[in-house]
Structures are given as C-alpha cells and as structure tokens.
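Structure first, then comments.
Here is how names work: the chains are called A, B, and so on, in the same order as the sequence lines, proteins then strands, and each is numbered from 1.
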Amino acid sequence: MPELPEVETVRRTLAPAVGLRVLEVWTSGLPLRLNHPVPTAALRDATLGRTIEAVRRWGKYLLIDLCDRLVPGPASMLVHLGMSGRLRLMDASQPRPAHTHVALALAAGRARTPTVELRYSDPRRFGVVDLVVRGQERAHPALAGLGVDPLHDGLTGELLYTASRGVRRGIKLFLLDQGVLAGVGNIYASEALWVARIRPGMQARLLTRPRAEALAQAVHEVFARALEHGGTSLRDFVNADGLEGENAHYLHVYDRAGQPCPRAECGQLIRRTVVQGRSTFHCPRCQRR
DNA sequence: AGACAAACCTGTCTGC
DNA sequence: TGCAGACAGGTTTGTC
C-alpha cells in the first residue's frame, strides 16, 4: 500500500507520540513478512520504560527511536507497512483494530496509566516490525541495500543517469528498485513517468541526461503533490490519526485506464498494461519513447 | 544481469 | 444471496 509519501504522512502524524514513555508492550504472536515473528522479548527490552525520542523515515521504512534519560537508548523500532499495514496512535480506551500485531501503551511524564497506544495492524502480514541499533542501521538486512531517499538525499538527474548505465530492464522497474531509489512504489512510478513523458517499458540504459533530469524532477513533483494531499488512499491507507489521504483525486494516470490523458492538448485515452505482474498506466501519445 | 512466476496473507470487488 | 475468481499500494526467492 504505502509508498514514500504515505509513510512520510504517517511519520508526521506520529509527532504527538514523541516524548511519551512506553509502559506496556503487547504482541499478537503471529509472524509477519517471510514468516518472521515480531521479536517480542527484545522489543520489551528495547522499549519498556523508555521514551520515544523521534520518528525517522528511510525510504518506506519508519524508525521509532527510543531512549532513556539515564541510559542513552541504542535501539529503534523498525516498521515497514507492507501492503496493508497501519500504524495508528489511538486512545488506549478504544478497542484495538482487527489484525493488530503490536501495541505500545504510552503515557506522558511519570504517569502510571497509559493514555494512548501506538498500534500496528496488518491483515495481510506483509509488513515488518523489528529492532535496529541506532547508528548501525545499515547492519540490518532490510536497510543495508537501500538507495537514495529522494526527500533527504536530494535525488538528481545525474544520479539516475549514472545508475541506469547498462541497465536493460524497463525504466519503470528501474524506478521501483529500492536499491537505486528508496521510496518509489507502483503508483508513483507510473505518475512520475507520465510527468516526465517517458514510456514505462523504455530500457533504462536509453535514458539521456536531459530525460534523467526530467525524471528526477518528476519524482520530486509527484511526491510533493502527494504529501500536500496527505498521501493516496485507494483502499487501505490511513495516517496515524486514522484519516485517509486525498491524493487519489489528484493522480494523473494511476487507476485511470480509459480516461482521457489530463494534458488538455492530448486527450488520448490512458492505457493499462501489466509489467512484472503489476498494473502500469501511461498515455500512449505523451509517452511514446 | 534480468525475465518471470510464485510465494507470503486477507479483504474486497466483480461477474455469473 | 452465494460463490468462485481476480485483484490489491510490497518484497523475497527460485528457476531459467
């Protein structure tokens, strides 16, 4: 479900959790991605009695930093939302959503009674909840191979140009490669290629310098637009407050097969194709090459 | 290197 | 109303 703009929206809406202390840790015991169980005991060790110091994002991963006033906390809770994962901050008296797998009960200051819970729910269990050592994020296999994060690292045309030399795969698959760019998923790959007027199946190695520049700009543009609208909710996505994003109304081509291309002078009908088993949308006139 | 399929798991929508 | 089948925003793994 969630790509960079959705994960960043969750990160921002988790701000009220910063400064709260973990009083209890609960897990469902069910395994998540690749049959990996949530490391309950280690999670307790790393979080109980500690305070949420910050929430960071790396590509589609969230890092919830924990520390103790006396003992500097070396741990962060690593979360990936997979397809159907939700991270929500809810009143502790509210019932837990179906398919909740992790709940951290939180309280302000010295309070002994939790007021809110940070809850991870995920019906399809394609997500990840794990622990990483702060400062050694790259030691975690999920983070070891991650490429450039467009929001922090300044994605440039030069980077796309360099990374795409010799790559015979289609440019859409190249954009989806998290080892090149961390954060682009299936929706925004189609969106960025439409903005940059590039055909999704074009071999990545054929990217010219000017077109690489246009594509880098396009990724920035579609991400900024999605962030303004709080992310794209086609089915499952909600932010930490449980609110849907509005960006589905503003998509150019994704899920718009048969509708006219939004470029006023074009009007050609948007086409859906399947690339590596995944829906891909483009305008056959604007994106000829 | 990369194309391709299948796998993980549940919910929702479509068509008969 | 029921039921089978297709499909879903992600990632990994195995085969060719």
Side-chain angles (χ1 to χ4, degrees), chain A residues 1-10 28-38 57-62 78-87 97-101 120-130 140-147 163-193 200-206 219 222-223 225-227 229-239 244-257 272-281:
Chain A
M1 146 181 52
E3 308 180 29
L4 185 146
E6 289 72 43
V7 179
E8 175 65 15
T9 298
V10 171
S28 70
L30 288 173
L32 301 179
R33 183 195 299 175
L34 295 180
N35 217 19
H36 273 302
V38 174
R57 182 193 52 75
W58 215 355
K60 299 176 192 173
Y61 289 86
L62 284 171
L78 178 70
V79 178
H80 189 291
L81 302 174
M83 294 272 264
S84 56
R86 291 177 168 185
L87 205 48
H99 307 288
T100 296
H101 299 294
Y120 177 77
S121 65
D122 185 358
R124 295 179 74 180
R125 288 191 268 132
F126 287 178
V128 170
V129 174
D130 208 350
H140 193 285
L143 303 178
L146 278 191
S164 59
R165 294 311 82 195
V167 176
R168 307 183 85 89
R169 304 149 74 203
I171 188 74
K172 188 203 172 201
L173 291 176
F174 175 75
L175 283 181
L176 288 175
D177 184 344
Q178 301 298 299
V180 178
L181 275 192
V184 179
N186 204 39
I187 293 179
Y188 299 109
S190 282
E191 292 293 296
L193 289 168
M202 186 192 81
Q203 284 189 14
R205 69 195 178 98
L206 299 178
V219 170
V222 298
F223 278 0
R225 180 180 165 98
L227 275 169
H229 299 128
T232 301
S233 296
L234 290 181
R235 321 171 62 84
D236 299 323
F237 171 69
V238 295
N239 67 21
E244 297 191 338
E246 298 300 321
N247 197 55
H249 302 302
Y250 301 91
L251 295 174
H252 301 111
V253 293
Y254 190 88
D255 212 13
R256 300 217 183 288
R272 173 184 184 266
T273 58
V274 175
V275 177
Q276 281 232 172
R278 312 192 68 194
S279 291
T280 305
F281 299 86

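Comparing the C1' positions of B/dA3 and C/dG9 gives an interatomic distance of 23 Å, to the nearest angstrom. The P atoms of B/dA6 and C/dA6 are separated by 12 Å, rounded to the nearest whole Å.
Helical stems in DNA chain C, defined as runs of 3 or more consecutive Watson-Crick or G-U wobble pairs with both donor-acceptor distances under 3.5 Å, are listed by first residue as B:2-8 with C:10-16, B:10-16 with C:2-8.
In this structure, A/Q178 reaches the sugar-phosphate backbone alone: every heavy-atom distance under 4.0 Å involves primed, P, OP1 or OP2 atoms, never a base. Note on A/V128: nothing from the nucleic acid sits closer than 4.0 angstrom, heavy atoms only. Residue A/S233 is classed as a base contact, given a heavy-atom separation below 4.0 Å to a base.
A straight line from CG of A/L173 to P of B/dA3 spans 7 Å, rounded to a whole angstrom. C/dG9 atom C1' lies 20 Å from atom OH of A/Y250, rounded to whole Å.
Distance from the side chain of A/R235 is smallest for B/dT12 among the nucleotides B/dT12, C/dT11, B/dT10. Set against C/dG10, B/dC4, B/dG11, the side chain of A/Q276 has B/dC4 as its closest nucleotide. Here the nucleotide nearest the side chain of A/L34, chosen from B/dG2, C/dG9, C/dT13, is C/dT13. The side chain of A/R272 approaches C/dA8 more closely than any other nucleotide in the set B/dC9, C/dA8, C/dG10. In the set C/dG10, C/dT13, B/dG11, the nucleotide with an atom closest to the side chain of A/R278 is C/dG10. Candidate nucleotides C/dG9, B/dA3, C/dT13 were compared by shortest atom distance to the side chain of A/Y254, and C/dG9 ranks first.
Of the charged side-chain nitrogens involved, at least one lies within less than 4.0 Å of a carboxylate oxygen, so that A/R169 and A/D177 count as a salt-bridged pair.
Within a 6.0 Å sphere centred on CZ of A/R168, heavy atoms belonging to other residues, nucleotides or ligands number 12 at most.
Contact of the A/D122 side chain with the A/H99 side chain is not registered, since no non-hydrogen atoms from C-beta on lie closer than 4.5 Å.
Contact annotation: A/S279 side-chain N/O to C/dA8 OP1/OP2 distance is under 4.0 Å. The phosphate of C/dT11 has OP1 or OP2 within less than 4.0 Å of a side-chain N or O from A/K60.
Nearer the 5' end of DNA chain B, as judged by each residue's closest nucleotide, is the contact made by A/V167, out of A/V167 and A/P31.
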Practice task
Would you please test A/L227 and A/T9 for side chain to side chain contact (heavy atoms under 4.5 Å, CB included) and show each step?
Solution key: CA-CA 7 Å; A/L227 275 169; A/T9 298; 3.9 Å; yes
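Ring-base stacking between A/F126 and B/dC8 is satisfied, the centre separation being under 5.5 Å and the plane angle under 30°.
With values rounded to the nearest 0.5 angstrom, A/Y250 atom OH is found 8.5 Å from A/R225 atom CZ. For the atom pair CG (A/L173) and CZ (A/R278), the distance works out to 9.5 Å, reported to the nearest 0.5 Å.
Relative orientation of the A/F281 and A/Y254 rings is perpendicular, given thresholds of 30° and 60° on the angle between their planes.
Residue-to-nucleotide contacts include no donor-acceptor pair under 3.5 Å from the side chain of A/R125 to the base of B/dC9.
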